[in-house]
Each structure stands twice: as C-alpha cells, then as structure tokens.
Trainee: 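Dumping the structure here so I can ask a few things about it.
Just so we're on the same page: letters track the sequence lines, and every chain starts at 1. Atom set for the values below is all heavy atoms of this structure, side chains included, hydrogens, waters and symmetry mates excluded.
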Amino acid sequence: MAKDFSTRAESYSEWYNELVTRADLAEQSAVRGCMVIKPYGYAIWEKMQRTLDQMFKDTGHQNAYFPLFIPKSFLSREADHVEGFAKECAVVTHYRLKANPDGSGVTVDPAAKLEEELIVRPTSETIIWNTYKGWIQSYRDLPILVNQWANVVRWEMRTRLFLRTAEFLWQEGHTAHATKEEAQEEARRMLDVYADFAQNFMAMPVIKGVKTANERFAGALETYCIESMMQDGKALQAGTSHFLGQNFAKAFDVTFLNKENKLEYVWASSWGVSTRLMGALIMTHSDDNGLVLPPKLAPIQVAIVPIYKNAEQLAQISEAALKIKAELQAKGISVKYDDDDKQKPGWKFNEYEFKGVPVRIAIGPRDMENGTAEICRRDTLEKSIHNQAEIGTLVPALLDQIQQSLFDRALKHRLDNTVKVDNWEDFKVQIEQGKFILAHWDGTTETEVKIKEETKATIRVLPFEYEAEEGKCIYTGKPSHRRVIFAKAY
RNA sequence: CGGGAUGUAGCGCAGUUGGUAGCGUGCAACGUUCGGGACGUUGAGGUCGCAAGUUCGAAUCUUGUCAUCCCGACCA
C-alpha cells in the first residue's frame with residue numbers, strides 16, 4: 001500500500017496533493033488556482049510568520065501596509081517590471097453591479113467603468129515607491145526599512161497547490177537607502193536571514209547565490225536567492241532578495257539631498273518569501289506516512305496518547321500524562337494530551353503521523369505498572385521505553401536531535417544528488433535523473449536559453465561559495481572560470 | 001491558447017447490449033472492543049457537471065457547453 005510519495009518524481013499530484021490532503025493543510029478553492037489554507041496548515045504558516053517577523057525586527061525593520069490595488073499607470077513606469085508582470089495581472093475595470101432586469105442575478109454595470117483600471121498587486125514595488133516619494137527628501141530620512149505582510153495575485157496559466165497559486169500570502173520587504181553599497185548590503189543581509197530561517201527553523205539546507213540575468217526579478221539589477229533541493233531532485237527557489245539599484249526611484253522620481261547638498265536618486269532593495277515555503281517544507285521532509293515537521297515549526301511538538309480500557313484506567317493515566325505535559329510546557333514545549341474518547345489509539349497514532357508531530361508519547365496500563373512511557377519519534381519512527389520521570393529532560397533533547405537530524409538528512413540527500421559534469425551527453429542523462437549539476441557555462445543568456453530548450457534544465461544559482469576553476473562551457477565549449485548549478489525546477 | 005484525460009453520495013470509485021443507481025471509506029445510533037487507522041447490526045446521505053437532442057424510456061447514445069486534472073506554452 002506504500003505509494004512511495006517521497007521519492008517519486010513524475011507524479012506531482014499523488015506525491016504532493018495526497019500528502020497535503022492527508023496532513024489536512026490546504027485544498028483547492030472554488031476560485032481558479034487559489035487555495036484554502038486549513039487551520040492546521042495555517043498554524044504552521046503562523047509559526048513561520050512569527051519567526052520571520054522577529055528576525056526582520058531584529059535586523060531593524062518595521063511592518064507597514066500598502067493598498068491591494070495599483071493604478072495601471074504605476075505598473076508601467078518601470079519598463080522591465082511591467083514586461084515581467086503584465087502577462088499575469090488581474091485587472092479591476094468596474095466598481096458596481098446591478099440587478100438584471102429579468103431578476104436572474106446581477107451583471108456588471110457598464111456605467112460604473114473605472115477611468116483608470118486597477119491592478120490587483122502582483123508585488124508592491126510600484127505602489128510603495130510611489131508612496132516613498134512623499135516620505136523622502138533628505139539623507140536624514142534614510143534608510144527606510146519596511147516590511148509588509150500581504151497577499152498578492154499572479155494570474156499564472158498553470159497553478160500548483162502551495163508552489164504556484166494564483167493568490168498567495170507572503171511578506172515583501174521594501175527598503176530605501178542613501179548609497180548603492182547600503183542597498184546591496186541590505187539585499188545580502190536579508191538573503192542571510194532567509195538562509196538562516198530555512199536552515200535553522202525549516203531544517204532545509206539551501207544554496208545561497210545570485211541569479212543569472214535571465215532569471216532576474218523584473219526591474220532588479222541583481223537577484224540573490226536561496227535554492228533548495230526537494231526529495232525528487234527538483235530545485236525550488238525558496239526565497240529571493242533583490243538589489244534594485246535606482247530603477248524604481250527613477251521611475252517614481254524619488255530623490256533626496258545628500259550630505260553634499262546634491263540631489264540624488266534613492267537606492268532600493270526588495271525581498272520576499274511566500275506560502276511556497278510551506279510547499280518546500282512538505283517536499284523536503286515528508287515521507288509515505290505523511291508530513292514530517294521540524295520541531296521548531298511544529299504547532300504541536302509532542303502528542304500524548306493514553307491507552308485504556310475503562311474510565312478508571314484513563315483517570316490514572318491522565319494523572320501521569322498531565323504531569324508530563326506540565327513539565328514539558330514549563331520548558332516551552334507545545335504539548336497536546338489527546339484523551340479524546342471518540343477515537344482509538346491506533347487512529348490517533350496515524351493521525352499525528354499524518355500531521356507530522358515530531359514526538360509522540362503513549363502511556364497504557366502496562367506503562368502504569370512499570371512507571372514508564374513509550375516515546376516515538378516521527379522522523380525515524382523509532383520507539384523506545386523510558387521512565388516517566390525521565391521524560392521531562394529527555395524530550396527537549398530529542399526535539400533538538402530531530403531538528404538536527406532532519407537537516408542532516410536533507411543535506412545528505414542534496415550532496416548525494418549533486419554531480420560535477422563535463423560533457424554534454426552526460427549532462428542530458430544526469431538532468432533526467434533529477435540531479436543538481438555543477439557545470440561550466442560560458443556566461444551568455446543565449447547558451448542558457450538553448451540548454452533550457454533542449455533539457456528543461458535552468459541555471460538555478462551561481463553559488464556564492466565556489467572554487468575558481470578553469471573549464472569549458474558544457475554546451476558551447478567556450479572558456480569558463482567557475483561552475484554553476486543546473487537543475488530542473490518547480 | 002495547443003495535446004490528453006476526467007466529471008456519478010463528504011472523499012475515492014463501479015455502473016455490461018439504454019429499463020429510473022451501487023461499492024469502499026467516511027457519517028449517525030446501539031453493543032462488544034481499546035498497546036498501530038477494531039468488529040457486528042441498523043440507519044441517514046445522490047438535480048449522475050449543465051443544456052439541448054434521439055427514444056416509450058438516457059448515468060449510458062448524439063451535439064453543444066462548463067469545470068477540473070495532467071503534458072506543453074507561461075512563471076521574482
């Protein structure tokens with residue numbers, strides 16, 4: 001009955017939708033390409049949000065909120081930006097409905113046509129920089145370090161639950177600086193924050209680096225990214241941070257007087273991560289039994305399940321269980337004691353496995369006789385028996401261990417599936433096997449595009465960490481000084 | 001927008017040569033159970049995606065239409 005979800009590459013829907021459904025995280029909405037995030041899924045997102053939000057604040061940022069609607073003319077101010085997003089925008093053209101004369105529902109009132117159409121934001125650079133114009137006059141007004149938690153809409157032709165939905169939740173940071181260096185530093189700093197979050201909270205190893213010109217954000221001078229490998233070997237872009245130069249300042253005429261009393265355009269960065277991270281989390285750790293959550297992001301870290309035949313036994317077990325629960329909670333661990341009489345222990349075991357709860361503790365009559373409890377860890381499904389008195393000290397250490405071991409396992413998977421390739425035939429073979437390929441590239445967009453056409457492989461990232469090495473482009477044979485990472489991507 | 005497939009109970013599906021709809025699971029009640037999704041008995045739940053046509057009669061045949069999924073195109 002095992003469906004081999006965790007490793008099968010070819011069937012996205014079974015691999016992914018099934019796990020999402022079983023873990024009860026999200027479902028398709030009635031609206032095309034949108035999703036309903038269910039309470040348990042949202043609890044995970046909230047935990048991610050809180051963690052990230054604190055990290056932003058620790059790096060000096062503040063939250064703010066900007067409008068959902070963007071006047072059409074704003075979007076077209078920056079040439080590359082509009083070109084990048086024009087094909088996927090939802091447009092508001094009217095502001096009123098009216099009842100049909102024959103009483104059969106409503107129709108759009110043609111009299112209520114907007115003079116200028118409004119775009120539902122696909123990203124907020126334009127509306128924010130239009131606002132920043134009014135906020136910035138002097139170098140004393142800088143930097144502005146603002147983040148927004150919001151939803152955005154991108155009318156993609158093809159959507160995938162969590163990974164590419166028409167509407168998604170995200171945060172977008174938009175910063176304004178007096179110097180180029182400062183803006184670049186900011187973009188790099190936030191990439192580090194993302195990498196920190198991915199690796200230390202999501203237990204998801206990432207490769208930090210820079211995108212090629214071809215894969216760059218529309219309107220950016222440089223796009224930095226964290227790139228991660230999913231269990232089927234495909235790459236997922238987990239977060240991006242952009243150095244925008246003065247492009248948006250020029251487009252929205254945002255200038256300031258510097259210390260030398262000279263008028264200058266403002267320098268910018270923007271950065272964002274989205275509910276796609278939920279997809280990344282699922283696809284990095286899940287196995288055939290369902291979701292596997294890293295302890296630091298699990299809404300429930302420990303579930304305690306009593307096993308009993310009658311009310312008397314339950315009362316005894318509850319006493320022991322609640323003691324353990326209190327002990328763990330005192331250490332900041334979220335614990336659920338599930339004495340729900342409506343479900344059987346076996347059912348609960350499966351349920352918490354679907355939901356990815358890192359540690360499960362079972363206590364039954366046999367344990368009560370011996371003063372013990374059974375601990376099962378979700379990542380390995382190993383069970384062990386311990387004295388009840390030890391649980392309070394054992395579990396915190398175990399949670400740390402699970403967190404680390406999930407990361408180690410994912411990193412090993414990536415390293416095991418990363419290969420250096422030096423000839424084209426080999427490249428085509430390896431890319432089909434879902435590998436990350438380290439190969440030389442001649443640095444041209446032309447070559448990059450041709451490789452993509454022939455193999456569907458894209459250059460995921462030019463890693464910051466690399467060995468300088470003379471070589472020949474995998475495709476054209478032209479000289480190259482370093483290897484870059486090719487892979488198929490979601 | 002091109003290629004392919006699918007729409008039948010909450011979910012997953014069957015339904016033969018046209019004869020007025022069934023299985024699994026889930027749901028409700030009761031009893032026995034309870035250390036890995038228990039079992040039995042009873043019960044509730046369906047405009048067969050929508051529309052038109054053929055026919056005495058359509059889930060089934062025809063046409064149209066809508067929706068969803070997969071593969072492309074598209075995609076910080």
Trainee: Could you please name the option among C75(B), G36(B), G35(B) that lies closest to any side-chain atom of N350(A)?
Mentor: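 Nearest to the side chain of N350(A) among the choices is G36(B).
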Trainee: Would you mind reading off the distance between K348(A) atom NZ and C34(B) atom P, rounded to a whole angstrom?
Mentor: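 Whole-Å distance recorded here is 15 Å.
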Trainee: Rounding to an integer number of angstrom, what distance separates A51(B) and U16(B) when you compare their C1' atoms?
Mentor: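 That atom pair is separated by 28 Å.
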Trainee: Name the nucleic acid region contacted by P122(A), choosing base, sugar-phosphate or nothing; use a 4.0 angstrom heavy-atom cut-off, strictly under.
Mentor: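 If one applies the 4.0 Å heavy-atom cut-off, P122(A) turns out to touch nothing in the nucleic acid.
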Trainee: Nearest-nucleotide wise, let me know which of R360(A) and G84(A) is further upstream toward the 5' end of RNA chain B.
Mentor: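 So the residue in question is R360(A).
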Trainee: Suppose you measure atom P in A21(B) against the same atom in U60(B); what distance do you get, rounded to whole Å?
Mentor: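 Rounded to whole Å, the distance is 14 Å.
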Trainee: Can you tell whether the side chains of D287(A) and R378(A) come within less than 4.0 Å, N to carboxylate O?
Mentor: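 Yes.
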Trainee: When all nucleic acid strands are considered with a 4.0 Å heavy-atom cut-off, which category describes F243(A): base, sugar-phosphate, or nothing?
Mentor: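 No contact.
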Trainee: Using heavy-atom distances to pick each residue's nearest nucleotide on RNA chain B, tell me which of G364(A) and T123(A) is more 5'.
Mentor: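 Upstream on the strand: G364(A).
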Trainee: Using 0.5 Å steps for rounding, measure from the CD atom of Q388(A) to the CG atom of L394(A).
Mentor: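 Separation between the atoms: 12.5 Å.
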Trainee: Look at the side-chain N and O atoms of K456(A) and state whether any lies under 4.0 Å from the OP1 or OP2 oxygen of G72(B).
Mentor: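 Yes.
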Trainee: Starting at CD of E215(A) and ending at C1' of C74(B), how long is that distance when rounded to a whole Å?
Mentor: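 Going from E215(A) (CD) to C74(B) (C1'), I get 13 Å.
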Trainee: Does the ring center of W271(A) lie less than 6.0 Å from the ring center of F56(A)?
Mentor: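 Close enough - the centres of the two rings lie under 6.0 Å apart.
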Trainee: Kindly list each side-chain donor-acceptor pair under 3.5 angstrom involving residues 351-363 of chain A, sequence neighbours excluded, with atom names and distances?
Mentor:
{"residue": "Y352(A)", "atom": "OH", "partner": "D338(A)", "partner atom": "OD2", "Å": "2.6"}
{"residue": "E353(A)", "atom": "OE2", "partner": "R360(A)", "partner atom": "NH1", "Å": "3.0"}

Trainee: Under 4.0 Å between any heavy atoms, over every strand shown, what does R154(A) touch: base, sugar-phosphate, or nothing? Just pick one.
Mentor: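 Base: the residue R154(A), judged by heavy atoms under 4.0 Å, touches a nucleobase.
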Trainee: To the nearest Å, give me how far apart NZ (K342(A)) and C1' (U33(B)) are.
Mentor: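 K342(A) atom NZ is separated from U33(B) atom C1' by 18 Å.
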Trainee: Please state how far atom CZ in R164(A) lies from atom P in C75(B), giving the value in whole angstrom units.
Mentor: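 Result: 10 Å.
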Trainee: Identify the nucleotide, in any strand shown, that forms a Watson-Crick or G-U wobble pair with U32(B), with both distances under 3.5 Å; if there is none, say none.
Mentor: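 For U32(B), the partner nucleotide comes out as A38(B), under the 3.5 Å rule.
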Trainee: Rounded to whole Å, please give me the gap between CG in D367(A) and P in G35(B).
Mentor: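 After rounding, the reported distance stands at 13 Å.
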Trainee: Paired with U68(B) by Watson-Crick or G-U wobble geometry, both distances under 3.5 Å: which nucleotide is it?
Mentor: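 For U68(B), the partner nucleotide comes out as A5(B), under the 3.5 Å rule.
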Trainee: Can you confirm whether or not the ring centre of Y132(A) sits under 6.0 Å from the ring centre of F252(A)?
Mentor: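 Not under 6.0 Å, so no.
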Trainee: Classify the glycosidic conformation of U20(B) as syn or anti, calling it syn when the angle lies within 90° of 0.
Mentor: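 Judged by the O4'-C1' to base torsion, U20(B) sits in syn, the angle falling within 90° of 0.
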Trainee: Would you mind pulling out the nucleotide paired to U25(B), Watson-Crick or G-U wobble, both distances under 3.5 Å?
Mentor: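 G10(B) is the nucleotide pairing with U25(B).
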Trainee: With a 3.5 angstrom cut-off on both distances, give the Watson-Crick or G-U wobble partner of C56(B), or none if there isn't one.
Mentor: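 C56(B) is paired with G19(B).
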Trainee: Does OP1 or OP2 of C75(B) have a side-chain N or O of K87(A) closer than 4.0 Å?
Mentor: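 Checking K87(A) against C75(B): at least one side-chain N or O falls below 4.0 Å of OP1 or OP2.
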Trainee: Just the rounded figure in Å: distance from C1' of G35(B) to CG of L314(A).
Mentor: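 Roughly 15 Å, once rounded to whole Å.
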Trainee: Does any nucleotide pair with C74(B) by Watson-Crick or G-U wobble geometry, both distances under 3.5 Å, and what is it?
Mentor: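 By the stated definition (distances under 3.5 Å), nothing pairs with C74(B).
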Trainee: Nearest-Å distance, CG (N214(A)) to P (C74(B))?
Mentor: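 From N214(A) CG to C74(B) P: 11 Å.
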Trainee: Measure the distance from CD1 on I361(A) to P on G35(B) and round it to the nearest whole Å.
Mentor: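 It is 19 Å, rounded to the nearest whole Å.
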